[in-house]
Amino acid sequence: MICPAKPDSVEFSEKILHFYKQNKRELPWRENPEPYKIWLSEIIMQQTRIAQGTKYYLNLLEKYPTVFDLAKAEEQEILYHWQGLGYYSRARNLHATAKVISEKYAGKFPHTYKELKNLKGIGDYTASIILSVCFDEAIPAVDGNVLRVIARIFGIEEAVNKTDGAKKIKTIVSDKISRTQPGDFNQALMDFGAMICTPKSPQCIQCPFVPECFALQHNAIDRLPLKIKNKPPEELFLYYFVFTDKQNRTAIKKRQKNIWKGLFEFPSVISPKKLNEKNLFSQFHKNYPDVPSFELSPIPPYQKHLLSHKKLHIAFLEISGTFTPTDNYILVNQQDLSRYPFPIVLKKYIEKKQGNLLFTDKQ
DNA sequence: TTCCAGGCCG
DNA sequence: CGGCCTGGAA
């Protein structure tokens, strides 16, 4: 007896591929998908909106047309081009992997999941998308969009940001994935999630899965996918000391660890609690005993800056005086600050300050 | 003003 | 499983 193919499996894949054919987003790295471009774009697009990431993709591809160019570059230069994109470990890992690809693999990306995953910055999702899009391997690439789409259509009640829920979803996609066009299938699911099955107010009116969608039938669109909330971020007070000496120089230093690792910052005092001027001043001199004493002006208003796990309150103290460089501090001319990679809050502060300087110069 | 989305690493 | 960043939406 002949066993008919599971109708729903064929149908799911056909529906999503049909959607993709009609609605595929035209993205620069999709035009002619080489592994280098797919990899570069995927690393950039992790945790990033397409609109923001595309600018960085085009710029980085222009600066580094091949994996060899990227491998040859200085890490600091890559971080410079990465400024403002956040999650800077992606840029450091990008560089490390470019070196491995160009040296160990002669510039060609490996074709196995295991080898790809061993490369820094390439996790399950990115390995899978490279394999399916570039090498036609039928392996599911599950990103946040896919988690949402599958959780809704198939009624997955487990939290999708926990191992159980994610595993369940991966199993479903493994079953549904098109064996003939796995790359298109994976990208189709993500586009569908980004365009139709959106986090808030999804466009169910345009959805081809209305008849079978669990969430729609059970009035669970707002409930699914379930996510367990993280604990609220810890508060942190960050005091930056922006020195201007007689030669118009400012002290900066590369961060060695934790937040913004690899980027530059000013001498600082960090405290879990708000400090008054007296405590701040003594804390500063404890951190930098060699720096001559100076007049401390009142603490200016704090700027809030939210990270996923920390709530920063930042104050910039502008000091007229000399900073004696200790450990890795360097003295940089004010107008050259923009050559160094800074976190976005500092970059904006510097730009504003330089704008002010230009303005006062013209007076 | 707050809330939230989005993969990888150690 | 906690740490890592930013900008856009609510």
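- For B:dG6, the OP1/OP2 oxygens have a side-chain nitrogen or oxygen of A:Asn145 closer than 4.0 Å.
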Under the side chain to side chain donor-acceptor pair (under 3.5 Å) criterion, do A:Gln334 and A:Thr244 qualify, and how do the steps go? CA-CA 8 Å; A:Gln334 294 255 345; A:Thr244 306; 2.9 Å; yes

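- When each of C:dC4, B:dG7, C:dC5 is scored by its nearest atom to the side-chain atoms of A:Gln46, the top-ranked nucleotide is B:dG7.
- At whole-Å resolution of the value, CD1 in A:Ile122 and P in B:dG7 are 15 Å apart.
- For A:Gln46 and A:Thr126, the side-chain atoms include at least one donor-acceptor pair closer than 3.5 Å.
- Note on ring orientation: taking the six-membered ring where Trp is involved, the planes of A:Trp260 and A:His305 are tilted (angle from 30° to 60°).
- Between the C1' atom of B:dA5 and the CG atom of A:Leu226 lies a distance of 16 Å, rounded to the nearest Å.
- Using bins of under 30°, 30° to 60° and over 60° for the plane-to-plane angle, the ring pair A:Trp39/A:Tyr36 lands in the tilted bin.
- Rounded to whole Å, the distance from NZ on A:Lys120 to P on B:dC9 is 9 Å.
- Separating the CG atom of A:Leu263 from the P atom of C:dC4 is a distance of 13 Å, rounded to the nearest angstrom.
- Here A:Arg148 reaches the OP1 or OP2 of B:dG6: one of its side-chain N or O atoms lies under 4.0 Å away.
- Mapping A:Lys200 and A:Ile43 onto DNA chain B by nearest heavy atom places A:Lys200 at the nucleotide closer to the 5' end.
- Using a 4.0 Å heavy-atom cutoff across all strands shown, A:Arg49 reaches at least one base atom of the nucleic acid.
- A:Lys348 has a side-chain polar atom (N or O) that falls below the 4.0 Å cut-off from OP1 or OP2 of C:dG7.
- Of the candidate nucleotides C:dC4, B:dG7, B:dA5, B:dG7 has the atom lying nearest to any side-chain atom of A:Tyr125.
- Side-chain proximity of A:Ser308 to the nucleotides B:dT2, C:dC5, B:dA5 is greatest for C:dC5.
- For A:Tyr87, the side-chain atoms get nearest to C:dC4 when compared with the rest of C:dC1, B:dC4, C:dC4.
- Residue whose closest nucleotide on DNA chain C sits further toward the 5' end, between A:Lys162 and A:His309: A:Lys162.
- Looking at heavy-atom distances under 4.0 Å, A:Ile259 makes contact with sugar-phosphate atoms alone, never a base.
- In this pair, A:Phe12 and A:Phe154 present their aromatic rings tilted. The plane angle is within the 30 to 60° band.
- Residue A:Tyr302 contributes atom OH, which lies 16 Å from atom P of B:dT1 at whole-angstrom precision.
- Rounded to whole Å, atom P of C:dC1 lies 13 Å from atom NZ of A:Lys167.
- Nearest-nucleotide positions on DNA chain C for A:Lys231 and A:Tyr88 put A:Lys231 closer to the 5' end.
- Comparing A:Leu307 and A:Arg90 along DNA chain B, the residue whose closest nucleotide (by nearest heavy atom) sits nearer the 5' end is A:Leu307.
- Regarding contacts with the backbone of B:dA5, every side-chain N or O of A:Thr48 stays at 4.0 angstrom or more from both OP1 and OP2.
- Across C:dC5, B:dT2, B:dG7, the shortest atom-to-atom separation from the side chain of A:Lys311 is found for B:dT2.
- As judged by a 4.0 angstrom heavy-atom cut-off over every strand, A:Asn258 is placed among residues touching the sugar-phosphate backbone only.
- Looking at A:Gln47, its side chain comes within 3.5 Å of the base of B:dG7 through a donor and an acceptor atom.
- In this structure, A:Lys229 atom NZ and B:dC4 atom C1' are separated by 10 Å, rounded to whole Å.
- Between the CD1 atom of A:Ile130 and the C1' atom of B:dG7 there is a distance of 13 Å, rounded to whole Å.
- Taking CG of A:Asn145 as the reference point, atom CD1 of A:Ile196 lies at 12.0 Å (rounded to 0.5 Å).
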